[in-house]
Every structure is written in structure tokens, then in C-alpha cells.
Amino acid sequence: MKIILKDGSVREYEAPVTIYEIAADISEGLARVAHAAEVDGIVSDLRTVIDRDCELSILTSGDPNGLAAMRHTTSHIMAEAVKRLFPQAKVAIGPSIEHGFYYDFEHAPFTREDLDAIEAEMKKIIKEGAKVERFTLPRNEAVKMMEEAGEDYKVELINDLPDDAEISFYRQGGFTDLCAGPHLMNTKNIKAFKLISSSGAYWRGSSDNTMLQRIYGTAFAKKEELQDYLDYLEKIKLRDHNKIGREMELFTTVDVIGQGLPLLMPKGARIIQTLQRWIEDEEDFNRGYVRTKTPFLAKSDLYKLSGHWDMYREGMFILGEEEDKEVLALRPMTCPFQYFIYKASQKSYRDLPIRYGETATLFRNEDSGEMHGLTRVRQFTISEGHLIVRPDQMDKEFKDCLDFARYCMRTLGIEDEVSYRLSKWNPDKRDKYIGEAEVWEDTQNRIRNIMIELDIPFTEADGEAAFYGPKVDLQAKNVYGKEDTMITIQWDAVLAERFDLYYIDQNGDKVRPYIIHRTALGCYERTLAWLIELYEGKFPTWLCPEQVRVLPISDKYEAYAEAVRVKLHSENILVTCDNRAEKIGYKIRDARLNKIPYMLVVGAQEEEDGTVSVRSRFAGDEGAKPLADFVRQISEEIRDKVIRKSSE
């Protein structure tokens with residue numbers, strides 16, 4: 001056999017040989033640091049036997065796939081430690097991920113003290129230096145072994161494997177796990193690791209399944225690399241919207257009110273109000289929308305008609321029992337309500353498109369383990385819209401919705417932070433969707449063609465569609481790398497039939513319209529969370545809840561400071577005046593800590609000249625300016641929604 005190595009050199013062997021043996025043949029040092037390999041471009045375990053000509057690349061921790069193999073082995077060591085300390089825990093899955101690894105367990109929530117104890121046990125396991133051995137079993141023997149071990153989740157995974165799948169296990173010391181690999185040869189090769197956190201996670205990502213406990217960790221080849229990563233985590237924690245938002249008094253949460261029900265404080269409410277007014281004005285005056293206002297709750301009959309009762313009931317708040325005369329539910333969306341507004345009068349083909357917009361408060365019964373700050377809550381406000389259009393108008397209106405979403409992202413300065421995803425149905429789970437397969441495929445193809453025509457890079461994801469149609473999701477990550485949806489634009493070719501929506505065409509016939517479900521900005525609370533993290537609380541001036549703070553040098557100049565405040569206030573600028581009996585240096589430092597865009601220092605000279613001494617987050621000391629000039633400057637900045645980079 002001829003083995004072509006990464007550097008182009010060739011090794012020849014007369015008999016089959018493992019990748020690890022080839023690595024040792026190259027050098028003992030390489031064998032010690034080898035974690036995995038690529039055989040003809042396919043990531044493979046070091047135990048893989050090579051019996052043919054191929055191209056081979058030995059992977060170490062310096063390669064992403066080599067590092068992933070090391071982290072995967074660390075996840076197994078963590079699972080062994082959990083089983084030693086908590087024998088009743090059941091193991092689920094434990095892959096490597098972008099920045100480390102995790103493992104899911106059926107167990108009570110883990111505390112930080114539990115994680116510390118697991119870390120200590122992992123160190124013992126690593127010190128024992130057990131060999132990591134791979135073996136395979138026939139399906140019936142594999143199932144029997146996992147059943148006898150009480151590992152129900154592993155049994156389910158085995159039964160779901162294709163009939164011709166090789167069922168492999170890895171054993172280290174007293175722990176055996178169902179796994180495809182690859183893994184290190186020995187546990188002692190783990191040099192630096194840390195368990196980061198734990199949280200709830202549904203088995204297989206479905207809220208219909210058991211809530212498991214997920215432990216996140218990371219591992220590196222060197223302690224210095226691990227420490228650098230931990231230092232990085234500490235830095236990004238400082239950008240967490242939960243931390244900044246509470247420190248800035250934008251929002252708070254209270255246990256007796258409930259999880260996922262944040263309280264927006266005056267400053268946070270002001271930012272949300274600014275965003276809402278901007279979106280509503282853009283919709284109403286520039287995008288041709290008409291405004292609706294619909295109830296927060298409705299009878300179950302409405303949701304049965306829409307399909308939400310069957311497809312989405314577990315995510316709804318139900319008021320009353322099935323046997324009651326009238327069962328009500330808080331709304332998780334506004335679309336069925338707006339359909340009846342459409343149906344209130346007969347529509348002609350000339351009336352379409354009709355674009356309904358509503359700033360809607362919605363309610364969704366998120367599981368407690370899924371909620372986080374403002375990004376996932378049980379009550380939220382959304383810039384919801386539904387467009388009723390003729391089929392021949394659908395492509396243009398869908399493009400316009402994409403244009404609106406991109407305009408919002410550009411204006412907020414976060415266009416480069418989002419990615420686009422075509423969320424499709426999964427035909428293998430037919431019971432989760434309504435409508436004909438041909439309609440789904442045609443709709444997905446049309447959305448795909450629109451994205452290509454607009455030159456928008458996008459990925460595709462099966463199983464992420466709404467139950468009534470595919471959609472484009474604008475995705476963004478928080479400071480920890482977790483991805484959520486910011487904006488959604490959905491193509492609906494089926495619900496018009498359910499609600500008997502129609503228009504009269506030019507021939508006098510009844511025709512079913514199409515529907516676009518869309519958000520312009522998505523959830524306002526989630527948007528605020530992203531903005532907090534992106535700008536670290538230093539929002540663009542137009543979004544700031546306090547845009548200017550007037551700072552009199554002493555109480556002698558309070559009257560002039562108040563006159564400046566009144567002038568700015570009359571121009572709709574959000575301004576306050578700091579009249580505390582403090583030195584000016586203290587007042588400036590406090591304004592900086594509160595991330596105020598502009599400070600106007602006033603004293604004798606400013607009062608005499610009718611000026612203000614401007615200090616900003618953007619340029620520091622900008623010098624004295626006539627008050628009228630400053631008013632004109634900041635008014636233009638707010639009106640044009642300018643984003644100036646902070647220098648502080």
C-alpha cells in the first residue's frame with residue numbers, strides 16, 4: 001500500500017496497518033500528540049485500519065478536527081465522572097462543539113459545587129490513564145448491554161440507527177459509551193479542561209421530550225490556551241445583557257412575578273418605545289401598512305380553526321379546562337385575528353395587496369430551562385405583520401419584506417451580525433405540517449430563487465419551517481455564541497383555505513390569496529438584548545434613553561443650565577440636568593458611567609456667550625459651541641439615526 005502524507009511524502013506497507021501505527025512509524029513524538037486523522041478527506045479514528053492506497057493526514061490539537069476529538073474524549077471522561085458520583089444519572093449524548101463539549105444527563109439540576117466535584121473526579125480518571133478501546137456489537141447484543149445498564153437513551157439511539165449501521169462503543173476503565181468516535185488512545189492525554197456551566201436541554205431538542213441536564217465544558221492542549229479562553233469568557237460576561245441591562249436599570253426580574261416575565265424599567269421602556277415608534281412610522285408612512293389592534297386572548301375555537309390547537313397547544317397558555325363551556329387561550333400570534341379583519345368586507349383583486357401591521361403583545365409557554373434574560377421570555381412584544389396578496393404579487397411582496405428587514409438591520413448597525421436561513425419542512429415528519437407536499441416544494445423553491453436573485457447568502461435547514469409554510473429566518477448570536485431568530489418572513493399558501501379567505505378577480509370568480517407572515521424587527525425585548533450586547537450599553541444617540549446631560553459647574557449656573565435643558569427638551573431631545581452639589585469632575589465621571597452620549601458643561605463663560613462646552617462619548621472634549629449649533633447637530637444625528645463609534 002502507498003500512503004501519501006500531508007507533506008507529499010509516501011510511506012509503503014505490505015500489510016494492513018492502523019493509523020496510530022503509521023503515526024508511530026513517522027515518529028514517537030507524533031504518535032504521542034496525534035488525536036485523529038483524515039483518510040482521503042474523511043475524519044477517522046486512530047484505531048482505523050488502513051488496507052488500501054490513500055492520502056493520510058495525522059491530526060493534532062492544532063487542527064480543528066483533532067481538537068474536536070480531544071474534546072469528545074473529555075466529554076466521555078466527564079460522563080464517567082458523573083456516573084461515579086451520581087450512579088442513578090442516565091447518560092444521553094455528549095458531542096464536541098465549536099468551543100468545547102457538552103454531555104446531557106437525566107438527573108436533577110447540577111450546582112456549581114456539583115461541577116467542581118465532577119472536575120475533581122475527572123482529574124482522578126485522567127491520572128488513572130486508562131486506555132480508550134473501541135469495539136462493535138450486533139444490534140441485539142448492543143441493545144441488551146445498554147438495557148442491562150439502564151441506559152434508556154442509548155437504547156433509543158441504537159434502535160434509531162439504520163439497519164446496516166455499524167454499532168460501535170468506546171470503553172475507558174469502568175465506563176462504556178455508545179459512540180461513533182473518534183477518540184484519543186488514552187485518557188491521560190487530556191491536559192487542560194474546565195467545566196463551564198450547566199442548563200436544561202430537551203432530549204433531542206423537542207419540548208415533547210424529557211428535560212435533561214446539560215453540562216458544558218471545554219478542553220485545550222495547553223493550560224495557557226485554556227486560561228486564555230477562560231479570560232475571554234470573563235470578558236464576554238461583561239457584555240452579557242443580563243449584567244449590563246440590570247446595571248443600567250433597563251430591566252429587572254422578580255421571582256414573585258415569574259420567570260420569563262421581565263419588568264422594563266423607565267430607561268428600557270423608553271428604548272422599546274423609540275423602536276416601536278420608528279417601526280410603526282416606517283410601516284405606515286413608507287411601506288403601505290394599515291394598523292390593527294386585536295385581543296390578547298380568544299376562544300379555543302379560533303386556534304382549532306388555525307391549526308395551532310393541534311400543532312402548537314403545548315406552547316400556549318390555556319385558560320379553563322376542556323370540559324368548561326368556553327376555553328380561552330392567550331394569543332401566541334395575531335394572524336387568525338387579522339384574517340377576520342380581512343373577512344369583515346368583501347375584497348376585490350384591486351384591493352390587494354393589503355398589509356396589516358400590529359405592535360402585538362404575545363404569550364408563549366416557554367419551558368423554564370429555555371428562558372434567558374430578555375432573549376427568551378413568556379410575554380413579549382413583536383412588530384407583527386400579515387400581508388394578504390394575490391399569487392402574482394407574492395414574489396415582489398416577499399422581496400419587499402426582505403428589504404424592510406435588511407433596512408432595519410442596517411439602521412441598527414447589526415446587518416453584519418446576522419445570517420439568513422431558509423427554514424424548510426421535513427417530509428419525513430409529515431404529521432407536523434399541513435398542506436400538500438407539492439405546495440411545500442414549490443414554495444421552498446420560489447423562496448430559494450428569490451434569495452439567489454437578491455444575492456443574499458443563506459443556509460438551508462430541514463424541519464425548521466412553521467407548520468403551515470417555509471420561511472426565511474434572520475439569525476444572530478449572543479455573546480456566548482447561542483443563536484436565536486431575530487426576524488422571520490414566512491410564506492403561507494395554505495391557511496387562506498382554512499379561513500375561507502378569498503378575493504373577487506377580474507372575471508368575478510372567488511380566488512384564494514396567499515399570505516406573508518413577517519416581522520420587521522422581531523421581538524422588541526430580544527432586539528434590546530442584542531443591542532445591549534452589541535453596543536455594551538453605549539447605544540447610538542437616537543436610541544439612548546438619556547441623550548444629553550447638562551452639567552452646571554456650580555449652583556450659580558443652575559438657571560442657565562435649566563434654560564439649556566428647556567431648549568433641548570422643546571426640540572424633543574431626551575435631556576436631564578445634574579444639579580447635585582458635586583464637583584464637575586464627579587459629574588462628568590458619573591455621566592460617562594451612565595454611558596450618556598453628550599455632556600454639556602456650563603459656567604460663566606458659556607452663560608455669557610450663549611454657548612455650551614460639549615463633551616461626547618465619540619470625540620471627548622469637542623469644545624464650546626453655540627447652543628443653536630449643538631441643537632441642530634444632535635437633532636440631525638437623531639433624525640438620521642447616525643451611528644457614531646464611541647472612543648471611550
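The chain is numbered in sequence order, starting from 1.
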*To the nearest 0.5 Å, what is the distance between NE2 (H308) and CZ (R313)?*
14.5 Å
_Any residue meeting ring pair (Phe, Tyr, Trp, His ring centres under 6.0 Å) with Y433, in chain and number order, not counting sequence neighbours_ = W425, W440
*Within a strict 4.5 Å, meaning less than it, do heavy atoms of the K432 and N426 side chains meet?*
no
*Do T334 and Y356 come close enough that some side-chain heavy atom pair is under 4.5 Å?*
no
*Can you measure from OG1 (T411) to CD1 (I643) and round to the nearest 0.5 angstrom?*
7.5 Å
*Compare every heavy atom of E483 with every heavy atom of S419, then report the nearest pair and how far apart it is.*
OG-OE2, 3.9 Å
_salt bridge (Lys or Arg N to Asp or Glu O under 4.0 Å) contacts in which one or both residues fall within residues 513-531, not counting sequence neighbours_ = E283-R518
*Distance from L264 atom CG to L250 atom CG, nearest 0.5 Å?*
8.5 Å
*Under 6.0 Å between the ring centres of F363 and F317?*
no
*Check whether any side-chain heavy atom of L387 sits under 4.5 Å from a side-chain heavy atom of Q393, and report yes or no.*
no
*asked:* Taking the ring of Y103 and the ring of F101, is the distance between their centroids below 6.0 Å?
replied: no
*Side-chain touch F340/T294, heavy atoms, less than 4.5 angstrom*: no
*For D63, which residues count as a salt bridge (charged side-chain N to carboxylate O under 4.0 Å, His left out) partner, sequence neighbours excluded?*
none
*If you look at every heavy atom in M486 and I414, which pair is closest and at what distance?*
CE-CD1, 3.4 Å
*Check A360 against E384 and note the closest heavy-atom contact, atom names and distance.*
CB-OE1, 4.0 Å
*Tell me, with the steps shown, if E280 and T359 meet side-chain hydrogen bond (donor to acceptor under 3.5 Å, both in side chains).*
CA-CA 8 Å; E280 289 181 357; T359 302; 2.4 Å; yes
*Note, L330 side chain near M316 side chain (heavy atom, < 4.5 Å)*: no
_Using salt bridge (charged side-chain N to carboxylate O under 4.0 Å, His left out), reason through K90 and D152 one step at a time and then give a plain yes or no._
CA-CA 8 Å; K90 294 185 178 182; D152 303 338; 2.6 Å; yes
*Mind telling me whether Y229 and Y232 have parallel, tilted or perpendicular rings, with 30° and 60° as the class edges?*
tilted
*Search all heavy atoms of I487 against all heavy atoms of A520 and return the closest pair with its distance.*
CD1-O, 3.1 Å
*Can you check side-chain contact (heavy atoms from CB on, under 4.5 Å) on I388 and I515, steps first, answer last?*
CA-CA 5 Å; I388 316 296; I515 303 167; 4.1 Å; yes
_Could you check whether any side-chain heavy atom of W530 comes within less than 4.5 Å of a side-chain heavy atom of L412, counting everything from C-beta outward?_
no
*asked:* Out of the candidates E441, E460, E464, only one should pair with K424 under the salt bridge (charged side-chain N to carboxylate O under 4.0 Å, His left out) rule; please name it.
replied: E460
*asked:* My understanding is that only residues two or more places apart in sequence, or in another chain, count here; which of them pass salt bridge (charged side-chain N to carboxylate O under 4.0 Å, His left out) with D431?
replied: none
*Begin with the C-alpha distance, continue with both residues' side-chain angles, and end with the deciding distance and a verdict on side-chain contact (heavy atoms from CB on, under 4.5 Å) for I244 and E533.*
CA-CA 8 Å; I244 296 175; E533 294 184 351; over 6 Å; no
*Please name all residues satisfying salt bridge (charged side-chain N to carboxylate O under 4.0 Å, His left out) with D473, sequence neighbours left out, ordered by chain then number.*
R421, K471
*Between C179 and S168, which heavy-atom pair has the shortest distance, and what is it?*
O-OG, 2.5 Å
*Does some side-chain heavy atom of I434 sit less than 4.5 Å from a side-chain heavy atom of R498?*
yes
*Stepwise side-chain contact (heavy atoms from CB on, under 4.5 Å) check, T252 with R246*: CA-CA 6 Å; T252 188; R246 294 171 198 274; 4.2 Å; yes
*asked:* Listing request: all side-chain hydrogen bond (donor to acceptor under 3.5 Å, both in side chains) pairs with a residue in residues 156-165, at least two apart in sequence or in separate chains.
replied: E156-W203, E156-R204, D160-R204
*Which residues satisfy the ring pair (Phe, Tyr, Trp, His ring centres under 6.0 Å) test with F398, sequence neighbours excluded?*
W491
*Show your reasoning for whether side-chain hydrogen bond (donor to acceptor under 3.5 Å, both in side chains) applies to N445 and R448.*
CA-CA 5 Å; N445 285 334; R448 185 182 294 111; 2.5 Å; yes
*asked:* With a 4.5 Å cut-off on side-chain heavy atoms, are M333 and H517 touching?
replied: no
*Any chance you could lay out the side-chain contact (heavy atoms from CB on, under 4.5 Å) test for F110 and L195, step after step, and finish with the verdict?*
CA-CA 11 Å; F110 293 99; L195 301 188; over 6 Å; no
*CD/E436: more than 12 non-hydrogen atoms of other groups inside 6.0 Å*: no
*Taking the six-membered ring for Trp, is the centroid-to-centroid distance between Y342 and H386 below 6.0 Å?*
no
_D400 with R287: basic N within carboxylate O range, under 4.0 Å_ = no
*Which value, rounded to the nearest 0.5 Å, describes the distance between I279 atom CD1 and Y407 atom OH?*
7.5 Å
*asked:* Apply side-chain hydrogen bond (donor to acceptor under 3.5 Å, both in side chains) to residues Q338 and T292 and explain how you reach the verdict.
replied: CA-CA 8 Å; Q338 291 183 337; T292 66; 2.8 Å; yes
*Evaluate the ring planes of Y289 and F404, with Trp represented by its six-membered ring, and classify them as parallel (under 30°), tilted (30 to 60°) or perpendicular (over 60°).*
tilted
_Using 0.5 Å steps for rounding, measure from the CD1 atom of I450 to the CD1 atom of I489._
10.0 Å
*Partners of Y420 by side chain to side chain donor-acceptor pair (under 3.5 Å), sequence neighbours excluded?*
none
*Report the residues that fulfil side chain to side chain donor-acceptor pair (under 3.5 Å) with E453, sequence neighbours left out, ordered by chain and then residue number.*
K399
*asked:* Strictly by salt bridge (Lys or Arg N to Asp or Glu O under 4.0 Å), give each pair with a member in residues 330-354 just once, sequence neighbours left out.
replied: R331-E358
*W309 vs Y303 aromatic rings, parallel, tilted or perpendicular, using cut-offs 30° and 60°?*
parallel
*asked:* Tell me the closest heavy-atom pair linking A36 and P182, and the distance in Å.
replied: CB-CG, 4.1 Å
*Starting at OG of S199, measure out to CG of D104 and round the result to the nearest 0.5 Å.*
8.5 Å
*ring pair (Phe, Tyr, Trp, His ring centres under 6.0 Å) with Y480: which residues, sequence neighbours excluded?*
none
_Contact list for residues 503-515, test side-chain hydrogen bond (donor to acceptor under 3.5 Å, both in side chains), sequence neighbours left out_ = E497-R512, D500-R512
